[in-house]
Amino acid sequence: MKLNIFIPFAIMAALISAGCSKLKETPLATLTPGTYFKTEADLDASVAAIYQNMVADAGYAFDYPTYPYFGGDDLTTNPANGKSSQPEWDQLNASPSNGQINSDWQTPWTAIRNANVVTDNYQKIPPSAARNQAVGDALFVRAWSYFILVRTYGPIPIIITAEPATYRPQRDSVAKVYTQIVSDLQAAIGILPPYSGVAQASGRATQNAARTLLAEVYLTMATWPLNQASNYALAAAESDSVILSGQYSLVPDYGQVFTTNENSESVFALHFNVAGGAPNRLFGDCAGDWDEVGMDGNFGWEEFYPELNFFLAATPCTRTNEEFYTQIKLIRPDKVTFDIVPYNSPRCVAALQHPQYRKFRAGLVVGGVATGINETDSTIISMNPSTNKTTDIFRYPMALLCYAEASDMAGGGPTAAGYAALNLVRARAGEAPMAAGLSQIAFRDTVVFERAYEFAAEYGMRWYDIQRLQILPKVVAARSPLEIPIPASSMAALQTKYYSPIPLNEMLVNPTWTQNPGY
């Protein structure tokens, strides 16, 4: 592999010193595994390095990691925005030399590499709760990163120890990768606290975060490509344990989920800090329409928005109103007042008459003021691309809807508890309870539909459901002719488009690898 799996401790210390953890000054040339891992502070600093990489702009601070998910109907973009990477995936036609593919590949691999430093060296520190937390973080992040990689690229190497840059492993089977993911998460569950307000507030892993992830892993293992139906029961058990913990509840207002940090349904979130040089740029300008200009002169970046028919298929409810932004504000020549027009007005040309995502506009709201796009019903006061809003990777509705689907598919059909879990999410959305009497498959499809809109544009949730249920042909068939056209070659080979191509650079330095089919 091209990856430098072994991270020099001097480099790691330099990374940390730029972040939120401070180390006692030590000459960089003297840092070695033998001299570094002596105290709990050293171990915590190593964990800080893991998260520091993940909240970088090339990591999960922007929309770059979402590009492989643009094959889903919840994401599309303007082909005129100057970024060829997004339209390629939207057309199910990403190339191994795609301009963004190296970053999407490297971010989870760097997290794995940094996690391996912790798992290789933690035993040098005396046993303690702090040591357990650090190792649990490393195992959790490694499992999550492998889960991203195996779903995006299929067979990948399993590397769980620090290796030299010259290491050239073979790609392991998808089944073997999942075995490693489950092993890491089970180990993390055994040592992490079930719930910790301190850990949650600092962006650290908890037992419930690991269980929520493990439930999603089992749910995926029950479907394509492994199709191991016995994992449905395991998914139901893990998600039910999160529900029964009593530690989480749905935020009453769906919109407030995306304007608050550490709210009652946040199971695991990545934390950002504008002042510390780690802003979250997924919110704010990213979700603004190009046609929109604030009174401060800044304009929307229009990085992503929903496909038209995905939006039109949404159930009319309060969640739909809070999720999608359909009234575009066009500033008048006086630079103070605005015309309010619908998203499909002939005056809205930049987004090709698509609505935007409202839930990503405000960012963190502090004292009633949005730190992203600060607006009223009739004006846009300012537009900012950098916020302190956390990105919630795992939210409580994931556990509820995972349990609803898994309990249904594990037995002979939906259960009363499964209906209750589904209807909690529907109630918060402003939807009527789902009536009893659905068949097993009808209930599953109802839950999958609910997941599509509860988690629209949230880091691959929709795309991975399309992938594991093998419904891409159905999704493509429902695509509006107003979307970016999908080439005939991709249309003829949809079954090969569930995986992204391995980056060209990786293929060149690993000549024994075989590129994914279709690329």
Side-chain angles (χ1 to χ4, degrees), residues 74 185 189 194-195 200 206-220 222-223 231-258 260 262-269 314-315 317-320 322-323 359 392-411 413-436 438 440 442-462 464-465 468-469:
D74 61 330
L185 289 174
I189 289 168
Y195 175 86
Q200 180 177 339
T206 64
Q207 187 183 102
N208 280 330
R211 288 192 183 280
T212 301
L213 174 54
L214 183 55
E216 286 289 318
V217 169
Y218 282 140
L219 187 67
T220 304
T223 51
N231 285 297
Y232 279 124
L234 298 176
E238 291 296 339
S239 53
D240 194 33
S241 70
V242 176
I243 297 169
L244 294 176
S245 74
Q247 298 293 345
Y248 308 99
S249 62
L250 296 178
V251 175
D253 184 344
Y254 180 80
Q256 288 183 357
V257 174
F258 304 93
T260 57
E262 293 93 47
N263 56 59
S264 64
E265 66 182 66
S266 178
V267 179
F268 175 75
T315 302
C317 60
T318 55
R319 180 180 61 200
T320 297
E322 294 172 327
E323 187 156 44
K359 66 182 184 179
D392 289 310
I393 304 298
F394 304 131
R395 298 195 285 115
Y396 182 49
M398 287 178 64
L400 291 169
L401 295 178
C402 180
Y403 175 76
E405 178 182 348
S407 60
D408 168 52
M409 298 302 292
T415 65
Y419 268 106
L422 169 62
N423 285 330
L424 274 176
V425 179
R426 290 176 61 86
R428 196 267 296 275
E431 299 175 289
M434 181 56 58
L438 292 178
Q440 183 180 53
F443 184 84
R444 182 205 64 186
D445 291 347
T446 298
V447 174
V448 171
F449 182 88
E450 201 69 31
R451 282 168 61 101
Y453 290 96
E454 177 66 30
F455 302 109
E458 294 183 44
Y459 279 104
M461 286 291 291
R462 174 58 174 166
Y464 289 136
D465 278 354
R468 69 183 178 86
L469 296 172

Open item on the list: Rounded to the nearest 0.5 Å, what separates atom CD in E454 from atom CG in L401?
Closed with: 6.5 Å
TODO: Please examine the side chains of F258 and E322, heavy atoms only from C-beta on, and report whether any two atoms are closer than 4.5 Å.
DONE: no
Task: D240 side chain vs A236 backbone, donor-acceptor pair below 3.5 Å - done: no
Task: CG on L234 to OG on S239, rounded to 0.5 Å - done: 10.5 Å
Task: Residue pair A404 / F443: nearest heavy atoms and the distance that separates them - done: O-CE2, 3.3 Å
TODO: List the atom of T206, the atom of V267, and the distance in Å for their closest heavy-atom pair.
DONE: OG1-O, 4.4 Å
Task: Considering all heavy atoms, the nearest L250-S264 contact - done: C-OG, 4.0 Å
TODO: For K359 and V257, indicate whether the former's side chain and the latter's backbone hold a donor-acceptor pair under 3.5 Å.
DONE: no
Task: Minimal non-hydrogen separation, Q256 against T260, with atom names - done: O-OG1, 2.7 Å
Open item on the list: Whether the side chain of Q440 engages the backbone of G411 through a donor-acceptor N/O pair (distance < 3.5 Å, no angle test) should be reported.
Closed with: yes
Task: Spacing of Y464 atom OH and L219 atom CG [to the nearest 0.5 Å] - done: 14.5 Å
Open item on the list: In the structure I gave you, are the side-chain heavy atoms of E458 and M398 within less than 4.5 Å of one another anywhere?
Closed with: no
- [ ] Enter the distance from M461:CE to F394:CZ here, rounded to the nearest 0.5 Å.
- [x] 9.0 Å
Task: Contact check, side chains of Y396 and Q247, non-hydrogen atoms, under 4.5 Å - done: no
Open item on the list: Using side-chain contact (heavy atoms from CB on, under 4.5 Å), reason through T212 and F268 one step at a time and then give a plain yes or no.
Closed with: CA-CA 9 Å; T212 301; F268 175 75; over 6 Å; no
TODO: Might you point out which heavy atoms bring A429 and E450 nearest each other, and give the distance in Å?
DONE: CB-OE2, 4.4 Å
Task: Residue pair R319 / R428, side-chain heavy-atom distance below 4.5 Å - done: no
Open item on the list: Any side-chain to backbone donor/acceptor pair from R444 onto E405? Under 3.5 Å, distance only.
Closed with: no
Task: Minimal non-hydrogen separation, Y248 against S266, with atom names - done: CE2-O, 3.6 Å
Task: Nearest-0.5 Å distance that lies between atom CG in L213 and atom CG in L185 - done: 4.5 Å
Open item on the list: Are D408 and T415 packed together at the side-chain level, in the sense that at least one heavy-atom pair is separated by less than 4.5 angstrom?
Closed with: no
TODO: Could you tell me whether the side chain of E265 and the main chain of V251 form a donor-acceptor pair under 3.5 Å?
DONE: yes
Task: Side-chain heavy-atom pair D74, F455 within 4.5 angstrom cut-off - done: no
Open item on the list: Between R211 and E238, does any NZ, NE, NH1 or NH2 come within less than 4.0 Å of an OD or OE carboxylate oxygen?
Closed with: yes
- [ ] Check whether any side-chain N or O of N208 sits under 3.5 Å from a backbone N or O of P194 as a donor-acceptor pair, and report yes or no.
- [x] yes
Open item on the list: When you compare the side chain of C402 with that of E216, does any pair of heavy atoms fall below 4.5 Å?
Closed with: yes
Task: Stepwise side-chain contact (heavy atoms from CB on, under 4.5 Å) check, V242 with Y403 - done: CA-CA 10 Å; V242 176; Y403 175 76; over 6 Å; no
Open item on the list: For I189, is there any backbone N or O sitting under 3.5 Å from a side-chain donor or acceptor partner on Q207?
Closed with: yes
Open item on the list: Between R462 and V448, is there a side-chain heavy-atom distance shorter than 4.5 Å?
Closed with: yes
Task: Separation of T220 OG1 from N231 CG (nearest 0.5 Å) - done: 9.5 Å
Task: Polar side-chain atom of T223 near backbone of L469 as donor-acceptor pair, under 3.5 Å - done: no
